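Data block below; observations after.
In this text, all values refer to a predicted model and were calculated from it rather than measured experimentally. All values below were derived from every heavy atom in this structure, side-chain atoms included, with hydrogens, water molecules and symmetry-related copies excluded.
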Amino acid sequence: MPEESRTIGYICPVCGSAVIARRTAFQLAAGDSTLPCPCGKSELGFHQLGDRCEVTVPCLFCAKDHRAVCGNDALLRKKLLALSCPASGLGCCYVGEEDQVFRAVEKLEQAVDKLRMDDRMERRGAFLDEVVMEETLAELKDIAARGGVKCACGSTDYGVKVGYSSVDLVCARCGAALRLSAASHDDLADLCARDALTIPGRKD
């Protein structure tokens, strides 16, 4: 039986290339490791902390590294684990099943292309895509109006935090958050296909 493997992807903030590689679950859980870009100027780092892992992610948007701690269970078993830039909401790193990671990196590349085009045209606005964000907020309002937003803790009270390319639904009771990407028309289509949204709830 072949050993279970995970696909890891990020975009190098220096050369702009997508870096995608496979690692076995054992390699990720056994100890510290890195995933360098072939250009040699950035790398993704994994630092094991027992049942958790600290991931150091080079960020294309901020041009600096972010650190995030996630459970090894999510790192090794989740279909798609996405780590995002706190400032922009854009994905920085994806770990999961191969097709899920390739799709997520492809969407991130499209968002980055738009960002670069906006910068060249000197037209960067409050959001990565103003139309997508406007329609995302309208769709969220419709879902909420029919009682479609709740938290796994049982609460139906929540707040909305609007970012540059994402929207966070934050539970008013437990503080857990659900991040919804609002970077592209594909993200909007994914949201429109959902009847309800469940904030995951916070585990103490």
Side-chain angles (χ1 to χ4, degrees), residues 1-14 17-105 107-108 150-155 158-159 161 163 165-181 197-204:
M1 184 176 176
E3 187 174 0
E4 184 180 351
S5 67
R6 306 291 280 163
T7 299
I8 306 160
Y10 74 99
I11 294 180
C12 174
V14 181
S17 298
V19 183
I20 299 178
R22 294 175 73 181
R23 294 284 187 272
T24 65
F26 176 78
Q27 285 173 318
L28 286 175
D32 297 353
S33 60
T34 59
L35 173 58
C37 177
C39 79
K41 295 179 179 177
S42 76
E43 67 177 21
L44 194 65
F46 297 92
H47 175 55
Q48 280 298 328
L49 302 166
D51 63 347
R52 296 172 300 141
C53 182
E54 182 183 72
V55 187
T56 302
V57 187
C59 179
L60 190 74
F61 186 84
C62 294
K64 64 181 181 179
D65 291 348
H66 295 306
R67 283 183 170 81
V69 176
C70 60
N72 275 332
D73 190 59
L75 182 70
L76 303 178
R77 293 180 177 83
K78 203 169 181 181
K79 283 188 175 183
L80 182 68
L81 175 66
L83 303 178
S84 303
C85 166
S88 68
L90 288 173
C92 293
C93 165
Y94 302 100
V95 181
E97 296 177 356
E98 186 176 60
D99 61 334
Q100 298 272 349
V101 171
F102 270 93
R103 181 171 180 262
V105 170
K107 287 173 66 176
L108 179 57
K150 63 180 180 180
C151 181
C153 77
S155 175
Y158 64 93
K161 183 180 177 182
S165 64
S166 63
V167 178
D168 289 344
L169 303 181
V170 184
C171 175
R173 179 192 291 173
C174 74
L178 173 66
R179 172 157 289 181
L180 302 168
S181 180
L197 298 167
T198 301
I199 301 168
R202 176 165 289 170
K203 295 177 182 178
D204 296 325

- For Gly9 and Val101, which heavy atoms make the closest approach, and how far apart are they? N-CG1, 3.8 Å
- Is any side-chain heavy atom of Gln27 less than 4.5 Å from a side-chain heavy atom of Ser33? no
- Message: So which atom in Asp168 and which in Arg179 form the shortest heavy-atom distance, rounded to 0.1 Å?
- Response: OD1-NE, 2.8 Å
- Item | From OG (Ser165) to CG (Leu180), nearest 0.5 Å | 11.5 Å
- Task: Enter the distance from Gln100:CD to Leu80:CG here, rounded to the nearest 0.5 Å.
- Result: 5.5 Å
- List in chain and number order the residues that pass side-chain hydrogen bond (donor to acceptor under 3.5 Å, both in side chains) with Asp99, two or more places apart in sequence or in another chain; answer none if no residue qualifies. none
- Task: Find out whether Cys153 and Cys171 are in side-chain contact, i.e. whether some heavy atom of one side chain is under 4.5 Å from a heavy atom of the other.
- Result: yes
- Query: Which pairs count as side chain to side chain donor-acceptor pair (under 3.5 Å) when at least one residue sits in residues 54-63, sequence neighbours excluded?
  - Reply: none
- Please test Ser166 against Ser84 for side-chain contact (heavy atoms from CB on, under 4.5 Å), starting from the C-alpha separation and ending with a verdict. CA-CA 10 Å; Ser166 63; Ser84 303; over 6 Å; no
- Message: Distance check, rounded to the nearest 0.5 Å: Tyr158 atom OH versus Leu197 atom CG?
- Response: 8.5 Å
- Query: Of the non-hydrogen atoms in Ala68 and Leu83, which two are nearest, and what is the gap between them?
  - Reply: CB-CD2, 4.2 Å
- Would you call Asp65 and Val57 a side-chain contact if the rule is heavy atoms closer than 4.5 Å? no
- Query: Considering only heavy atoms from C-beta outward, does the side chain of Leu81 approach that of Cys70 to under 4.5 Å?
  - Reply: yes
- Query: Tell me, do Tyr94 and Ile8 make a side-chain contact under 4.5 Å, heavy atoms counted?
  - Reply: no
- Separation of Ile199 CD1 from Ser155 OG (nearest 0.5 Å): 7.5 Å
- Message: My understanding is that only residues two or more places apart in sequence, or in another chain, count here; which of them pass side-chain hydrogen bond (donor to acceptor under 3.5 Å, both in side chains) with Arg23?
- Response: none
- Between CD of Glu97 and CZ of Arg6, what distance do you get to the nearest 0.5 Å? 7.0 Å
- Taking side chain as C-beta onward, heavy atoms only, is Pro58 less than 4.5 Å from Cys92? no
- Note on the structure: Between the CG atom in Leu108 and the CD1 atom in Ile11, the distance rounded to the nearest 0.5 Å is 4.0 Å
- Item | side-chain hydrogen bond (donor to acceptor under 3.5 Å, both in side chains) partners of Arg22, counting only residues at least two apart | Ser5
- Return the minimal non-hydrogen interatomic distance between Val19 and Pro38, and the atom names on each side. CG2-CD, 4.3 Å
- Message: Show the nearest heavy-atom pair for residues Ala18 and Val105, with the distance to one decimal.
- Response: CB-CG1, 3.8 Å
- Message: Looking at every heavy atom in both Tyr10 and Cys37, which two are closest together, and how far apart are they?
- Response: OH-N, 3.2 Å
- Query: Under the salt bridge (Lys or Arg N to Asp or Glu O under 4.0 Å) test, which residues partner Lys150, sequence neighbours left out?
  - Reply: none
Would you list the atom pairs, donor with acceptor, under 3.5 Å between side chains in residues 44-52 and any protein atom, with sequence neighbours excluded?
{"from": "His47", "atom 1": "ND1", "to": "Asp32", "atom 2": "OD1", "distance (Å)": "3.1"}
{"from": "His47", "atom 1": "ND1", "to": "Asp32", "atom 2": "OD2", "distance (Å)": "2.9"}
{"from": "Gln48", "atom 1": "OE1", "to": "Asn72", "atom 2": "ND2", "distance (Å)": "2.8"}
{"from": "Gln48", "atom 1": "NE2", "to": "Leu28", "atom 2": "O", "distance (Å)": "2.7"}
{"from": "Gln48", "atom 1": "NE2", "to": "Asn72", "atom 2": "OD1", "distance (Å)": "3.2"}

